[in-house]
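Proteins come first, then strands; the chains are lettered A, B, ... in the order of their sequence lines, and each starts at number 1. Keep in mind that this is a model prediction, so the values were computed, not measured.
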Number of protein chains: 2
Amino acid sequence: MNINEIAKLAGVSRATVSRYLNNGYVSEEKKERIRKIIEETGYQPSSSAQTLRSKKTNFIGVIIPKINSDSISRMVSGISSTLAGAGYQMLLACTHNHEKEELRFLNLFKENHVDGVILLGTIFTAEHRKVLKSLSVPIVILSQYLSGYSCVYSDDYRAAYDLTSYLAGTGTRIGYLGVTEKDEAVGKERLRGVREALQDNHQTLPDEYIRECMFDMESGAAQAKALLADVPDIDTVICATDTIAAGALQFLKSAGKRVPEDIQIAGIGDSSLSRVTEPSLTTVHLYYEEAGTEAARLLFDLIQNGEAAIQKEVKLDCKLIVQGSTRGGEQL
Amino acid sequence: MNINEIAKLAGVSRATVSRYLNNGYVSEEKKERIRKIIEETGYQPSSSAQTLRSKKTNFIGVIIPKINSDSISRMVSGISSTLAGAGYQMLLACTHNHEKEELRFLNLFKENHVDGVILLGTIFTAEHRKVLKSLSVPIVILSQYLSGYSCVYSDDYRAAYDLTSYLAGTGTRIGYLGVTEKDEAVGKERLRGVREALQDNHQTLPDEYIRECMFDMESGAAQAKALLADVPDIDTVICATDTIAAGALQFLKSAGKRVPEDIQIAGIGDSSLSRVTEPSLTTVHLYYEEAGTEAARLLFDLIQNGEAAIQKEVKLDCKLIVQGSTRGGEQL
DNA sequence: ATGAAAGCGCTAACAT
DNA sequence: ATGTTAGCGCTTTCAT
């Protein structure tokens, strides 16, 4: 069943059918005839033929490092509903933390396949910039800042700053479990937030109070152990993510520390984990789902307005959530 | 840059270029000429034109109820890597728990867009069967059994049976927090597993020992409360999912119950939550990621072998994981 | 082994 | 408001 047959059955030209499909000028009478035939036959236009002619795919490529993550799946959820609402389909490419795959997918989306790309990246190399520059479709960077591109990101600095400022009131020897500074957002910005908040509270963050973790609980537990060994009298541990905090919490409890009485602990991200640990984790809500929504909106803008579109940077609010893992917090 | 220009630059016909692209007969000499030109120009064939001609999209549609779920994101992760490895792209459609959307996406994928569909459904209505029947591309049902279709699912019955059998050894008054029986797998099968295991251990599951929950912690907490109010001397609570168990655990602790001493509690799914609660949850591992992988493999088979493909049902193994929330378990 | 030619199903410019 | 027409970029006979 194709447009020619529909045209024949409805007694019109195929151009008229096409106009009907693309809301052009069609008389009410023929509109009705066409509508009826399409309903009867269950005709659906071939999207590949449409794409071939019109260069519009209605696909948006979304590249993510992994899917099984609280923060990422929330962002994808926001993207997904916003795209669907605008008639787009989501082509989800998952790199499983392989940076090279990120480039492969970008190249795959290049010139082809998609009307736009949302890249939820973590680390940007020179190679990334090169491929990004060569991309002919609009792109939005999500969860990281990248100069020269429209991007949506959390206020990582302020999340860490606010959290640390709050804790500086109740802790005196404050340590930090962070991640690699190659990650500008979670790595660099959160560390900067912690550091500056301490400075502003007339405290410092000596190097031996800082440990670098991976993004998982095991690493959080291991680094908490290392930190405690080096600085036995530490009384507060701030973690770059809730997952790291959950791991650290697990270790500290197993080491016989009372949380928050002996050591208080906090994370960032307001993940579902933070409500389930005992004590529940003081953390910072980062509006991940809204970030996904906003990224999709920015992309629509770029797609619709082409060259005329204004590049935008959206930094989202954050909200401190005080729970049982810090002194003065309340257990769920 | 299109195939005609490449042909001209290489001094061959466009048919030869097409053959080069689709590994047909091309002399070594021309092969080399074409290869060089393609490399120089960075030419990439238009996928829409290829699709229009060859009817192959290299897209697989995946329909899921929500993305921010431990079990689902694991399955999607398995699907994603398997598809990518075979040169397919994943078109992810998320219904956000709107059953009607499921039908909308199936219709969208119908006749068009995709080479195959993986449906991670929950509830199958008559309307579902109708739309599924009308689908012209191969489909695999994931995480539910549906007669007449290739499907991949967990051994929900045995997971519940094994878990219950284990607990029947240490508990005497056993309650169950389940979900709607409209969900055949998580609803019906897990309940059946619990029931039959109790029978085989000469115990019963009276109606007042059963509560129906939604798939979230709040509901788990609320129903645990209701259950405890009705059956104050309950000593074991089995939950259909870890999330429900986490909610129930939270309530029971807040009600002053000691877990597992006063009441033992268990879930199913081996989610990351189960390792973080205190005590950590006894649960059953269900190989979600492998289920996703297997679903993709089954779909490949259907796509490649067309009418000749054999319909298959794959039921996956499960593994009991005993942790601190049950007597005899070990706290992480 | 290669080229010529037909056409996949659609949209958009043009003419009326 | 509608029809005619010319492709979009590719694959696939059919000749040679």
_Tell me the interatomic distance from A:Asn2, atom CG, to C:dG7, atom P, rounded to whole angstroms._
13 Å
*Could you check B:Ala49 against B:Gly11 and say which one's nearest nucleotide on DNA chain C is further toward the 5' end?*
B:Gly11
_Donor/acceptor link under 3.5 angstrom from A:Arg53 side chain onto base of D:dG7_ = yes
*Compute whether any side-chain donor of one residue and acceptor of the other, for A:Asn68 and B:Glu289, lie under 3.5 angstrom apart.*
no
*asked:* Of the options C:dC8, C:dG3, D:dG7, whose atoms approach the side-chain atoms of B:Lys55 most closely?
replied: C:dC8
*asked:* Nearest whole Å is fine: how far is C:dG9 C1' from A:Glu5 CD?
replied: 11 Å
*asked:* Counting the atoms with a prime plus P, OP1 and OP2 as sugar-phosphate, which does A:Ser27 contact under 4.0 Å by heavy atoms, base, sugar-phosphate, or nothing?
replied: sugar-phosphate
*Side-chain donor-acceptor pair present, A:Ser80, A:Ser77, cut-off under 3.5 Å*: no
*Spacing of B:Arg14 atom CZ relative to C:dA5 atom P, expressed in whole Å*: 10 Å
*Which one, D:dC10, C:dT11, C:dG3, comes nearest to the side chain of A:Asn22?*
C:dT11
*Select one nucleotide: of C:dG9, C:dT2, D:dT2, the one nearest the side-chain heavy atoms of A:Ser46.*
C:dG9
_B:Ile3 CD1 - C:dA6 P separation (whole Å)_ = 18 Å
*Given C:dC8, C:dA5, D:dA1, the nucleotide with the shortest approach to the side chain of B:Leu52*: C:dC8
*Would you indicate what B:Tyr20 reaches in the nucleic acid, counting non-hydrogen atoms under 4.0 angstrom: base, sugar-phosphate, or nothing?*
nothing
_Whole angstroms only, please: what is the OH-P distance between A:Tyr43 and C:dG9?_
10 Å
*Donor-acceptor pair between B:His96 and B:Glu101 side chains, under 3.5 angstrom*: no
*asked:* Which heavy atom of B:Ser48 sits nearest to which heavy atom of A:Thr51, and what is that distance?
replied: CB-CG2, 3.5 Å
*Tell me: NZ of B:Lys56 to P of D:dC10, nearest whole Å?*
18 Å
*For C:dG9, take OP1 and OP2 only and decide whether either is under 4.0 Å from a side-chain N or O of A:Gln50.*
no
*Expressed in angstrom and rounded to an integer, what is the separation of B:Tyr25 atom OH from D:dT12 atom P?*
15 Å
_Nearest to the side chain of A:Ser13, heavy atoms from C-beta on, is which of D:dA6, D:dG9, D:dG3?_
D:dG3
*Name the orientation class of the two ring planes belonging to B:Phe300 and B:Tyr88 (parallel below 30°, tilted from 30 to 60°, perpendicular beyond 60°).*
parallel
*Select base, sugar-phosphate, or nothing to describe what A:Ser18 touches, counting heavy atoms under 4.0 Å on all strands.*
base
*asked:* Once you apply a heavy-atom cut-off of 4.0 Å, does B:Val12 come out as touching a base, just sugar-phosphate, or nothing?
replied: sugar-phosphate
*Could you check how far CG of A:Leu21 sits from C1' of C:dG9, rounded to whole Å?*
11 Å
*State which of D:dT2, D:dG9, C:dA6 makes the closest approach to the side chain of A:Arg19.*
D:dT2
*Can you tell which of C:dC10, D:dT2, C:dA12 lies closest to the side chain of A:Ala15?*
C:dA12
*To the nearest 0.5 Å, tell me how far B:Gln304 CD sits from B:Asp115 CG.*
11.0 Å
